[in-house]
Amino acid sequence: MSALIVKIISFIAPLFAIIVLIRAVRSMFNGKTQTEIWGYIQTDEKVLRITHWENIIGRTRSADIHLSNPKVSRVHAVLIRTAKAKWRIFDIFSKGGVRVNGDPVGASGYPLNDGDIINLSDVSVRFRDINERQRSEIESRRVVTWKNVHPAVTLLYLSVFQIMILLEHCFTAASENVPEIALGFVLLILLEWFCYFLMRSLRKTGFEVEIIAFFLSTIGLSVIATSVPTEIFRQMIIVFAGVVAFFLLGAWMRDLDRTKTMRIPAAVIAIGLLAVTLVIGDVQNGAKNWIFIGSTSIQPSEFVKVAFIYVGAATLDRLFSTKNLIVFIGFSAVCVMALALMSDFGTALIFFATFLVISFMRSGSIATVALAVSGAGMAGFLMLKIKTHVAKRFAAWGHVWEDVYDTGYQQTHAMSAGAGGGLFGKGAGNGWLKDGFAANTDTVFSLVCEELGLLIAICAVLAVLSLAFFAVRNTAQGRSAYYSIAACATASMFTIQLALNVFGSVDILPFTGVTFPFVSRGGSSVLACWMLLAFIKAGDTRKGASFVVKAPDAKDKEAKA
Amino acid sequence: MRKVSLRSSFALIMALLVILGLCIYIIRYINHGEEWALYFDQATSSCTYTLTDRNGVVLAKMGNGEKTYAEDADVRTACYQLVGDYGGNVGTGALSSFTKELSGYNLITGIEAQDDVDLSLTVDSKLNVKAYEALNGRNGAVIVSNYKTGEILCMVSSASIDPNNPPTEIPDGAYINRCISSAFTPGSVFKLVTLTAAIENIDNLYQRSFTCNGSFEVNGLTVTCTGTHGTQTIEQALANSCNCAFGQLALELGADTIAEYAAKLGLTSSHQLDSITTAAGNFDKAEANSASLAWSGIGQYNDLVCPYSMLRLVSAVANGGTVVEPSLLGVSDTESEMLKGSTAAKIASMMSYNVTYHYGESTFPGLKICAKTGTAEVGDGQASHGWFVGFLDDDKHPYAFAVIVEHGGSGLGSAGAIANAVLQAAVND
């Protein structure tokens with residue numbers, strides 16, 4: 001009887017997963033983004049619109065304010081609007097210099113007011129700010145989230161999905177574990193509704209990335225419930241801490257100046273953490289990346305991921321500063337080397353790939369990327385030479401079925417169990433892979449395939465990817481290059497992790513043993529994922545959705561009424 | 001910002017690559033999912049199933065964490081290669097080959113962990129025990145089927161072991177089902193192939209007489225016969241299993257024709273017994289007018305035949321030229337014409353004549369048996385392989401059989417006796 005109920009639920013649950021995912025994605029991509037005009041540059045011939053808060057003025061095609069005069073440098077100056085609606089101009093490597101009303105402008109910038117004359121070399125333009133009325137018009141025009149897809153309804157679908165998974169566990173788990181599993185799921189449902197009402201009370205309406213994260217956390221919780229049911233309460237505490245960290249980091253990043261001042265300290269703390277790990281860290285599964293404090297263990301490299309993006313992103317004026325770039329490259333090199341020393345090959349790879357993305361977004365100079373790639377190639381070669389077990393994994397790649405009891409053990413067992421689940425799974429708690437080595441981390445995709453089915457596993461993959469598409473979409477209207485770079489770098493980091501985890505375990509890529517964002521078991525990893533999510537959330541500029549764009553004040557509303 | 005925004009497409013490309021990878025996985029899953037899912041013992045370990053013989057005798061049972069075999073030690077031993085074991089030692093055993101049926105796998109629902117599966121084989125374990133007893137410790141294979149329905153009634157391979165008490169030293173070849181996974185020198189049973197070719201290619205075959213002086217010369221080499229048979233008709237030559245007659249027919253027909261018939265009668269290729277692939281045989285074309293060609297036409301030279309293929313051949317002869325593909329699951333509904341009905345009838349009557357004229361009906365009391373012996377020389381001074389293949393021309397008991405006893409000596413004396421013992425049990429049950 002109970003087997004039949006589990007069967008029936010396992011056929012319905014994927015439907016709810018698909019609905020949740022579709023509703024979240026529809027809401028993310030709801031409505032067109034319209035070009036916003038924040039000011040004007042008047043030249044002798046024409047009036048150019050300023051459509052971003054951070055703008056490059058120059059001769060290059062990709063400049064936001066494109067001046068074709070040959071005396072203007074390719075990237076001449078950067079024009080930035082601060083959150084307090086003040087404008088500033090910065091001189092970037094220009095040959096002819098920048099002056100405002102005759103005063104020279106340095107790299108540290110110069111304040112701009114409506115009507116000021118800017119001289120770029122000897123090209124003279126006038127700056128026009130928009131007035132209060134135009135500003136409020138832009139505000140009111142901004143895309144309103146959840147216009148057609150209400151978050152509460154999506155959350156309701158998610159809750160039904162969660163209850164279904166919980167029910168499956170209730171039928172399949174050992175009876176002594178049932179209360180704890182039930183408590184874990186109920187706490188998760190309470191937490192997400194609490195977050196929703198908290199956001200509503202702050203008049204924030206954007207809730208898509210949170211829903212995606214809660215959806216993935218549900219699957220993560222199911223993985224814990226089946227493989228280590230006694231840890232489920234601990235996992236919930238971590239998710240709770242992650243949500244808190246997500247909001248704190250988001251609130252912190254509202255102020256860009258404050259954010260920027262903490263870059264160097266963050267880098268120092270990160271390097272310190274890695275250094276401490278190298279000295280007092282413990283080795284687990286071949287990688288010396290654990291620190292034990294009493295009975296709790298943490299994986300500092302996970303938190304360094306957050307610092308890495310925090311340090312790596314930059315505002316447009318700093319983007320072209322050599323010093324800024326050198327600090328970033330140096331920091332990256334130290335991180336990657338430290339991880340290589342710890343034998344944490346997978347994480348080193350993630351850092352390196354993210355480094356490439358950030359480098360590309362920052363400079364785009366092919367030389368930089370080429371240098372980095374060749375450097376990585378050498379580093380990779382060295383690691384393959386030194387780390388025989390890594391070389392072995394590469395050798396096994398594509399041949400896992402030829403050695404199912406040694407180098408191909410984890411992958412073949414994962415593929416076998418995963419295929420056994422079919423589209424709908426054997427039911428949560430019913431698999432055999434859960435007892436396998438590192439099944440709830442390295443081969444978690446197959447564990448999900450086996451128990452919850454291929455459909456839900458695909459939903460989990462697409463959920464992570466939806467965050468990436470969302471981050472990319474938001475860059476078009478990014479408030480600052482800092483947020484855009486941070487969001488895209490995070491999206492790339494999630495994507496790389498996802499690819500290495502999923503495709504490594506099913507022999508499409510070499511097996512590296514990294515975590516599936518939000519789903520794999522691991523306190524540090526889950527906590528770091530929530531913190532990283534704040535970067536994606538910060539890239540969101542829709543009205544009432546973002547950390548960054550303030551919701552219209554109650555006062556404003558009253559005044560309008 | 002435009003620059004940053006343009007470059008963000010990098011993240012987009014990575015996301016699209018992941019979707020591509022996911023598509024690759026899904027395609028591989030569709031193509032190999034079943035293979036993957038059933039690869040490990042764990043795949044079926046969560047299932048509860050019972051494997052029985054045709055009369056409901058339990059051969060293997062898995063469930064509630066327990067894995068058991070048949071209760072009776074004789075049944076376990078006689079059915080070892082048929083059933084296989086939980087360790088997967090016998091690749092063609094039912095436990096390894098029918099995992100799909102046992103686990104109820106399909107692409108959509110995966111492995112049905114909860115269902116109680118009852119899988120019944122067409123084999124009668126009592127006949128297996130009888131056959132194994134008759135083999136009496138000698139290595140060999142016994143396979144019996146119903147040629148009208150394709151059901152396999154008996155399938156025994158020796159040497160065997162009791163999976164509950166495996167000996168410390170596993171006998172050579174105990175993990176191999178000789179009925180379907182081995183190919184042996186056929187000796188005179190191959191004369192059925194040369195005979196088929198002769199019936200369909202030599203017009204005056206029945207008018208001819210074949211003279212046997214105990215041996216004949218080809219290109220300076222001697223082909224010897226088992227006796228000196230004098231002047232014979234083709235029927236008598238087959239009953240005498242005369243090497244002179246069939247060696248000369250082989251020379252006359254040529255290697256190409258015999259090879260064509262060996263292939264047409266299914267002896268050189270492998271077959272599908274349900275999801276099991278059987279062993280292929282071999283026929284090398286020797287030079288024209290050589291002693292090797294003569295030997296190849298009488299089942300020596302490099303000829304090899306799998307007992308299962310022999311069973312298919314005699315089934316077709318018994319069934320008017322059409323073979324009903326044998327099955328262990330009783331689900332066979334594929335038939336194919338192997339040889340012309342008229343040819344089959346001629347061969348059948350000659351195989352019947354073999355028994356009345358030479359083997360002696362009294363050797364097979366009460367059985368309307370049609371058969372052909374084989375005594376295959378294997379060289380190295382070892383005793384010959386004894387073969388006995390044929391069928392019962394009996395509508396109530398339409399059984400075809402192939403028996404081989406490795407190094408058993410005379411085909412009639414070794415394999416023939418085993419065939420009689422098993423068929424008596426099958427008919428008088």
Side-chain angles (χ1 to χ4, degrees), chain A residues 3-4 6-7 51-56 60 62-64 316 319 357 360-361 364 401 404 412-413 415-427 430-432 450 453-454 458 461-462 465 468-469 471-472 475-476 478 481 484-485 488-489 491-492 495-496 498-499 502-503 506 508-509, chain B residues 1-48 63-65 87-88 99-100 102-116:
Chain A
L4 185 68
V6 170
K7 197 90 237 163
T51 53
H52 295 287
W53 282 23
E54 294 186 0
N55 305 273
I56 292 174
T60 176
S62 62
D64 298 292
L316 214 48
L319 218 51
V357 174
F360 180 70
M361 289 191 69
W401 289 99
V404 297
T412 50
H413 281 74
M415 285 155 91
S416 181
L423 295 188
F424 303 99
K426 295 173 181 171
N430 271 341
W432 53 262
E450 186 190 17
L454 185 62
I458 290 176
V461 171
L462 294 181
L465 293 185
F469 287 119
V472 171
T475 54
S484 296
I485 292 174
C488 286
S492 307
T495 310
I496 295 159
L498 179 76
V502 173
F503 302 138
V506 297
I508 292 174
L509 289 178
Chain B
M1 280 308 288
R2 248 183 90 193
K3 202 168 146 179
V4 171
S5 176
L6 283 173
R7 298 227 164 105
S8 67
S9 53
F10 195 69
L12 211 59
I13 291 168
M14 287 203 301
L16 291 174
L17 283 177
V18 171
I19 291 181
L20 179 74
L22 201 59
C23 292
I24 293 175
Y25 175 72
I26 291 169
I27 290 169
R28 286 192 188 174
Y29 168 81
I30 292 168
N31 289 333
H32 303 288
E34 181 181 332
E35 202 180 307
W36 293 345
L38 303 176
Y39 192 90
F40 292 104
D41 190 28
Q42 285 100 314
T44 44
S45 67
S46 51
C47 310
T48 54
N64 306 321
T99 41
K100 186 182 171 185
L102 294 173
S103 65
Y105 178 85
N106 76 53
L107 207 62
I108 308 296
T109 55
I111 285 170
E112 298 279 348
Q114 303 300 317
D115 285 359
D116 284 325

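Just so it is clear, the model here is predicted, and its values are computed rather than measured. Throughout, protein chains are lettered first and strands after them, A, B, ... in sequence-line order, and every chain is numbered starting at 1. When reading the values below, keep in mind they use all heavy atoms of this one structure, side chains included, and skip hydrogens, waters and symmetry mates.
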Looking only at A:A468, A:A419, A:G418, the option with the highest number of non-hydrogen pairs under 4.5 Å against chain B is A:A419
Bottom line for A:L498: the part with an atom under 4.5 Å from chain B's heavy atoms is side chain
If you tally heavy-atom pairs under 4.5 Å between each of A:T495, A:D64, A:V502 and chain B, the highest tally belongs to A:D64
Problem - pair A:L423-B:T109: side-chain heavy atoms closer than 4.5 Å - result: no
Bottom line for A:T51: the part with an atom under 4.5 Å from chain B's heavy atoms is neither
Honestly, the part of B:L12 sitting under 4.5 Å from a heavy atom of chain A is both
Shortest non-hydrogen pair, A:T475 vs B:S8, comes out as OG1-OG, 3.2 Å
query: Is A:I485 close to B:R7 at the side-chain level, that is, under 4.5 Å between some pair of heavy atoms?
result: no
Taken to the nearest 0.5 Å, the spacing of B:Y39 OH from A:M415 CE works out to 11.5 Å
Measure the acute angle between the ring planes of B:W36 and A:W401, then classify it against the limits of 30° and 60° as parallel, tilted or perpendicular.
parallel
Separation between SG (A:C488) and CZ (B:F10), nearest 0.5 Å, reads 11.5 Å
Discussion item. Could you check whether any side-chain heavy atom of B:I24 comes within less than 4.5 Å of a side-chain heavy atom of A:F503, counting everything from C-beta outward?
Written reply: no
> B:V4 versus A:E54: any side-chain heavy-atom pair under 4.5 Å?
Replying inline: no
Check your understanding: Do B:L16 and A:F469 have side-chain heavy atoms sitting under 4.5 Å apart?
Key -> yes
- Worked check of side chain to side chain contact (heavy atoms under 4.5 Å, CB included) between A:L454 and B:Y29: CA-CA 10 Å; A:L454 185 62; B:Y29 168 81; 3.9 Å; yes
Residue from A:V506, A:I458, A:L509 scoring the most non-hydrogen pairs under 4.5 Å with chain B is A:V506
With chain B, the option among A:A63, A:A481, A:G425 that has the most non-hydrogen atom pairs under 4.5 Å is A:A481
Tightest non-hydrogen contact, residues B:V18 and A:A499, listed as CG2-CB, 3.9 Å
Assert top hit (heavy-atom pairs under 4.5 Å, partner chain B, pool A:A417, A:G421, A:A471, A:A489) equals A:G421
CG (A:L465) and CD1 (B:I19) are apart, to the nearest 0.5 Å, by 5.5 Å
Taken to the nearest 0.5 Å, the spacing of A:M361 CE from B:S5 OG works out to 8.0 Å
